[in-house]
Amino acid sequence: LWSMLTLDQTVTIGATVPTGFEHTAAEEVQEKLEATARVSKNRGRIYFDITTDKLFKVHQLKSLDNLFVVVKDYDDYQFKTTKEEVQLDWQELATKLPWTNALEVWKLNNSIKKKKGRRKRTNPTKSDQCGNFSTKSTDTVPSDPEELLVDLEALEVKENQRDVSSQPEDDSEEEKHSEIQDQESGVTPLKFRVTCNRAGDKHCFTSNDAARDFGGAVQEFFQWKADMTKFDVEVLLNIHNNEVVVGIALTVESLHRRNITHFGPTTLRSTLAYGMLRLCKPQVSDVIVDPMCGTGAIPLEGVMEWQNSFFLAGDNNGTAVSRSVNNIKHIVKRTHDEGSPSGLPLDIVQWDLCNLPMRSSSVDIIITDMPFGKRMGSKKKNWELYPLCLREMARVCKPGTGKAVLLTQDKKCFLKALLQMEGLWRKSHTVWVNVGGLHAGVFVLKRTAVVFGTTSEDVMEPHTATGSQKENMKDASQ
């Protein structure tokens, strides 16, 4: 079966990552695979070369949402000026692309996924049908990399029905074209779809046109069957101005859903949580607190990767706390089943965020997803809530060395609150991200050396909130 692909063969893997965290993801790739990642001009994507024996390790990386193997990339593709000429170009391109290795990697990937014994997913996102072919297309850079492939349903479902990795790839037509060897003939042709993402204003075609025309050419070339939802192979066509990348998807559902089994209304993506954690570089024995943990995405991600730090998480909303507890139980059971010692360096508490049950100057890192206002809470309440939060965070955080990494979409309100607390916090830098289509900022703050309780910002009610403020807290969280 593997005659076409030796284990030390180099292939290019592409990955979608949370926008703004491309360099963080590249760092992880370097650290864990010793491969140098290239950050795409198209935000939210990175590319790196690996030997195929490392493919299973790629699935263990925590910064990557979706993976694909690159069939071919063009830095400066010369698009024709009329739709008809472009259509002919797509037809020609499909016949001359080096499909063979990419399809072998796709096969190898299926067998890796089976070995991992991943369960069949429930409630996969329904995909949307556009055009006559199996095409999904967006005409701009998607607001969120998660949208790119989160609706892939079929590969794992197929695995429960038949052994994909040892199936012949196609019927006799593809054999002639693609040199993929198989022993049987006359098997059901593979089902496929083309997903196109296009950005740029110099094209005479839409992403829908491109997906349909390229899809037609791929179908003709391989004699595969177009199928929007029950596909075996998803061919990706990414167009960003003159940059064109053709790939084959290697993930069925985005890897960002990995730790969460009990979702809340605004559960943070695991990949984004991981990126935020990497920004604060946790050290051995650091005490790391998430005071608004929601369903626990940040502490769960942290505790899996930085097991020599201690995580403390809480929320003033009881439902959120119980969801977090269920997510933790699920992970403890999973790690125990896999033979790891049970127990995680993590505690979860229901608390009042403006009156944390912690000693002053006891925390190394505070990391949280603050109420956005659009999804949870309201903007009006954020004006009162944010300064109180920053003050209480400053109280528990170690002066001089403490750090905070805070995600919010309510930038105006946050920056005003930060100005009020400037004696206690200094902004180090900001990473701009997309969260479910909302433009948000991850603010990295350093705790000043000022001792809490000695400046005008914090002398009044050092860490007590009034009744109305507590009410606001409750509303803002749920």
Side-chain angles (χ1 to χ4, degrees), residues 28 32 56-65 112-123 156 251-278 280-351 353 356-358 362-369 405 477-478:
E28 191 194 10
K32 296 179 182 174
F56 76 98
K57 279 190 172 174
V58 178
H59 281 274
Q60 293 163 350
L61 296 180
K62 298 185 174 180
S63 305
L64 315 181
D65 279 321
I112 287 170
K113 288 216 298 271
K114 271 218 293 296
K115 282 194 189 106
K116 282 173 80 181
R118 284 170 59 181
R119 62 193 168 75
K120 183 174 156 181
R121 301 283 184 181
T122 52
N123 302 328
E156 286 175 351
T251 37
V252 173
E253 185 179 63
S254 176
L255 304 178
H256 80 268
R257 300 174 92 84
R258 58 184 166 257
N259 288 333
I260 307 290
T261 45
H262 295 73
F263 284 86
T266 59
T267 295
L268 190 68
R269 287 158 54 204
S270 302
T271 40
L272 187 49
Y274 180 79
M276 287 171 67
L277 281 153
R278 273 193 89 96
C280 53
K281 300 184 168 49
Q283 303 299 307
V284 171
S285 84
D286 272 356
V287 174
I288 302 171
V289 173
D290 181 348
M292 294 178 261
C293 69
T295 49
I298 293 172
L300 281 170
E301 208 46 52
V303 84
M304 300 298 283
E305 179 89 347
W306 291 276
Q307 298 194 348
N308 294 317
S309 301
F310 183 77
F311 291 83
L312 194 55
D315 204 285
N316 64 331
N317 181 281
T319 315
V321 171
S322 59
R323 281 187 183 130
S324 288
V325 168
N326 284 327
N327 284 325
I328 292 160
K329 280 182 182 162
H330 177 75
I331 289 206
V332 168
K333 182 181 183 312
R334 194 179 78 198
T335 51
H336 186 65
D337 290 349
E338 288 168 6
S340 305
S342 56
L344 295 168
L346 167 62
D347 270 341
I348 188 137
V349 186
Q350 184 168 356
W351 57 33
L353 154 65
L356 295 171
M358 274 181 249
S362 61
V363 172
D364 297 288
I365 294 168
I366 292 173
I367 177 166
T368 200
D369 174 9
V405 175
S477 172
Q478 189 71 359

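Since the model is a prediction, treat every value here as computed from it, not as a measurement.
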Where is the tightest heavy-atom contact between [X] and [Y], given as atom of each residue plus distance?
X	Y	answer
T295	R323	CG2-CD, 3.5 Å
V321	V349	CG2-O, 3.9 Å
N316	Q350	O-NE2, 3.3 Å
Y274	S63	CE2-OG, 3.2 Å
G294	S324	O-OG, 2.8 Å

To the nearest 0.5 Å, tell me how far [X] [atom1] sits from [Y] [atom2].
X	Y	atom1	atom2	answer
Q283	I365	CD	CD1	7.5 Å
M304	L346	CE	CG	11.0 Å
N326	H330	CG	NE2	10.5 Å
I367	C293	CD1	SG	12.5 Å
I331	E301	CD1	CD	8.0 Å
D347	L312	CG	CG	6.0 Å

Judged by atom type as modelled, is there a donor-acceptor pair below 3.5 Å linking the side chain of S270 to the main-chain atoms of A297?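 Not a single qualifying donor-acceptor pair exists.
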Got a donor-acceptor contact below 3.5 angstrom from the T271 side chain to the L64 backbone?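 No; zero donor-acceptor contacts below 3.5 Å.
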In sequence, state the C-alpha distance, the side-chain angles, and the governing distance for K62 and L277, and then conclude on side-chain contact (heavy atoms from CB on, under 4.5 Å). CA-CA 11 Å; K62 298 185 174 180; L277 281 153; over 6 Å; no
Run the ring pair (Phe, Tyr, Trp, His ring centres under 6.0 Å) test against W351 and tell me which residues pass, sequence neighbours left out.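 Partners of W351 by the ring pair (Phe, Tyr, Trp, His ring centres under 6.0 Å) criterion come out as none, since no residue qualifies.
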For D286, enumerate each residue passing the side chain to side chain donor-acceptor pair (under 3.5 Å) test, keeping only those at least two apart in sequence or located in another chain.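 Not a single residue meets the side chain to side chain donor-acceptor pair (under 3.5 Å) criterion with D286.
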K281 versus W306: any side-chain heavy-atom pair under 4.5 Å?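 Side chain of K281 against side chain of W306, heavy atoms only: no contact under 4.5 Å found.
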Residue list, side-chain contact (heavy atoms from CB on, under 4.5 Å) with V287, at least two apart or on another chain: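 If we apply the side-chain contact (heavy atoms from CB on, under 4.5 Å) test to V287, skipping adjacent residues, the hits are V289, V363, D364.
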K32: partners by salt bridge (charged side-chain N to carboxylate O under 4.0 Å, His left out), with sequence neighbours left out: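 Listed in chain order: E28, E305.
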